[in-house]
Protein chains: 2
Amino acid sequence: MPPPSKHQGASARDRLLNAAAVLFYNDGIAATGIDAITARAGVAKQSLYNNFASKSDLVTTYIEQRHDEWLALYAARAAAAHHPKDIIIAVFDAYDDHATFAYERGFRGCGLLNAAAELGAGDAGRKAVRRHKEQVEEILHNQLSQLLPDDAGRAETLAAHLAFLLEGAMTRAGLEGDANRLRSARAMARDMLARL
Amino acid sequence: MPPPSKHQGASARDRLLNAAAVLFYNDGIAATGIDAITARAGVAKQSLYNNFASKSDLVTTYIEQRHDEWLALYAARAAAAHHPKDIIIAVFDAYDDHATFAYERGFRGCGLLNAAAELGAGDAGRKAVRRHKEQVEEILHNQLSQLLPDDAGRAETLAAHLAFLLEGAMTRAGLEGDANRLRSARAMARDMLARL
DNA sequence: ATAAATAGGTAGACTGGTCTATCTATATTA
DNA sequence: TAATATAGATAGACCAGTCTACCTATTTAT
């Protein structure tokens, strides 16, 4: 029987990234072996090493792909909004949207945070996760600066506050196995914005 | 040379738990092997299996020990407080205190959350982490119920809000390598309580 | 008091298995 | 033809856990 090959689906690289996304998210990075990834991707082991320098390189690419994916979800939501307050809520909605990207066997929170927890201090992936979270906070900060043009300090504090709500809710949601906490956090954010 | 034995220091069990605490926190659970733990503890491999049923059992004990440790730190802070608002701030202070328990090679956030990120959905340790976070939120909830005796809904929402601030700040602090974000979250909590 | 039993420690070889990564040899595709 | 895929063997490190064999206290029984 001939292999599925790239004709019927995605390239080996994409198939590997899709397989890795599900396995890394559901089982963790260290617990996911090369063989499990290639088997799920329906691809030869060598194809992994043709497309990625190492497992670590695949992990870093996985993280960057999640970041890009979240940005796209956010952009789609933000494009439909006009008021800075709605653009801020779009950040929360994008988190909620993103919460379903790969949970085949239960919700486990933010894949990027879970990955960072497994990675060593100097790892490139860990730094990418940090940059991602800083970028999320920056989006919040930009909108709050528009809402509070003459109180830069308060805009910064509020951006951090909303970022904490987001990450805290996501973390608790991951422990509890569903995204309900994210909805709570969004309601809290709405409430805070209403009081501006 | 005679072995150190229990006379000059801690028991093998305590030595193992102390060694595991540092290694699990700094390197992660999956990345820490049995041999590394026994070597750091200065203990024979069999002593690990005399005191724990498996590595997994050691991990669960590690998590429960962190929980007890945090509770003790919180109790010490709360004992010095009297007003419910001060008791709530004591929760934030205990997080800050706890942030230094085992970081030998840099701050990495909450050891319990990092552990949970590595553990499978049904793992006993993961459930223990969830219970711990629920207990923290319950402490906040109890105090807020005293502050807002006739608005149970608001007390519950505020408890969740403060819990999100705590976990979100801890998560970001872990990514950034220091506990500054925890101090920011405490200031935000103080501000919210002042407005009650 | 002395001897035996018990509890808990040591060092380190060993098993069976998994891991990442490379290599070979063949087949498909453009 | 040249690039890229395949299956699968292989290397070498590492894993959790078991086992043997010995040592040292303390406790119990005679």
Side-chain angles (χ1 to χ4, degrees), chain A residues 1-24 26-63 115 118-120 122-125, chain B residues 1-24 26-63 115 118-120 122-125:
Chain A
M1 195 197 314
S5 100
K6 67 173 92 168
H7 288 299
Q8 71 138 37
S11 67
R13 186 186 152 91
D14 288 345
R15 296 173 66 85
L16 284 162
L17 280 167
N18 290 340
V22 173
L23 297 173
F24 286 164
N26 288 279
D27 300 331
I29 291 170
T32 299
I34 266 350
D35 290 342
I37 298 169
T38 54
R40 181 179 240 270
V43 136
K45 193 184 293 197
Q46 186 59 37
S47 292
L48 193 157
Y49 290 96
N50 288 343
N51 287 282
F52 302 95
S54 62
K55 182 189 178 183
S56 173
D57 182 29
L58 175 61
V59 170
T60 305
T61 307
Y62 159 72
I63 288 171
E118 281 197 67
L119 299 174
D123 193 285
Chain B
M1 198 195 310
S5 98
K6 67 174 94 170
H7 289 298
Q8 72 138 35
S11 67
R13 186 186 152 88
D14 288 346
R15 295 174 65 85
L16 283 162
L17 280 167
N18 290 340
V22 173
L23 295 173
F24 286 164
N26 286 280
D27 300 330
I29 290 170
T32 298
I34 263 358
D35 290 340
I37 297 170
T38 53
R40 181 177 238 270
V43 135
K45 191 183 291 199
Q46 188 56 37
S47 292
L48 193 157
Y49 289 96
N50 286 344
N51 288 280
F52 302 95
S54 61
K55 181 189 178 183
S56 174
D57 182 30
L58 175 60
V59 170
T60 305
T61 308
Y62 158 73
I63 287 170
E118 282 197 67
L119 298 175
D123 192 286

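Source: prediction; values computed, not measured. Just so it is clear: chains get the letters A, B, ... in the order the sequence lines come, proteins before strands, and each one is counted from 1.
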B/N51 side chain N/O closer than 4.0 Å to the phosphate oxygens (OP1, OP2) of C/dG9?
yes

Respond yes when some side-chain nitrogen or oxygen of B/S47 is under 4.0 Å from OP1 or OP2 of C/dT10, and no when none is.
yes

DNA chain D nearest-nucleotide lookup for A/R13 and B/T32: closer to the 5′ end is A/R13

[X] [atom1] - [N] [atom2] separation (whole Å):
X	N	atom1	atom2	value
B/L16	C/dT10	CG	C1'	13 Å
B/D57	D/dA16	CG	C1'	14 Å
A/I37	C/dC19	CD1	C1'	12 Å
A/L48	D/dT4	CG	P	16 Å

The residue, A/I34 or B/N50, whose nearest nucleotide of DNA chain C is more 5′ is B/N50

Quick one: side-chain contact (heavy atoms from CB on, under 4.5 Å) partners of B/A41, sequence neighbours excluded?
B/R15, B/L16, B/A19, B/V43

Measure from the side chain of [X], starting at C-beta and using heavy atoms only, and say which of [options] lies closest.
X	options	result
A/Y49	C/dA21, C/dA11, D/dG17	C/dA21
B/A44	C/dG9, D/dT6, C/dT10	C/dT10
A/K55	D/dA16, C/dA21, D/dA7	C/dA21

Quick one: are [X] and [Y] in side-chain contact, heavy atoms under 4.5 Å?
X	Y	result
B/L17	B/F52	yes
A/T38	A/Y49	no
B/I37	B/L58	yes

Report the C-alpha separation of A/L119 and A/I63 in whole Å, then their side-chain angles, then the decisive distance to 0.1 Å, and conclude whether the side-chain contact (heavy atoms from CB on, under 4.5 Å) test is met.
CA-CA 12 Å; A/L119 299 174; A/I63 288 171; 3.9 Å; yes

Going through the distances and angles, do B/R13 and B/T61 end up as a side-chain contact (heavy atoms from CB on, under 4.5 Å)?
CA-CA 11 Å; B/R13 186 186 152 88; B/T61 308; 3.8 Å; yes

Compute the bend angle of the helix from C/dA1-D/dT30 to C/dA30-D/dT1 from the end axes (five pairs per end), rounded to 10°.
10°

Between [X] (side chain) and [Y] (backbone), is there a donor-acceptor pair under 3.5 Å?
X	Y	answer
B/E118	B/G28	no
A/D14	A/A10	no
A/K55	A/I29	yes

Every protein N/O lying under 3.5 Å from an N/O of nucleotides 19-21 of chain D:
{"residue": "D/dC19", "atom": "N4", "partner": "B/Q46", "partner atom": "OE1", "Å": "2.7"}

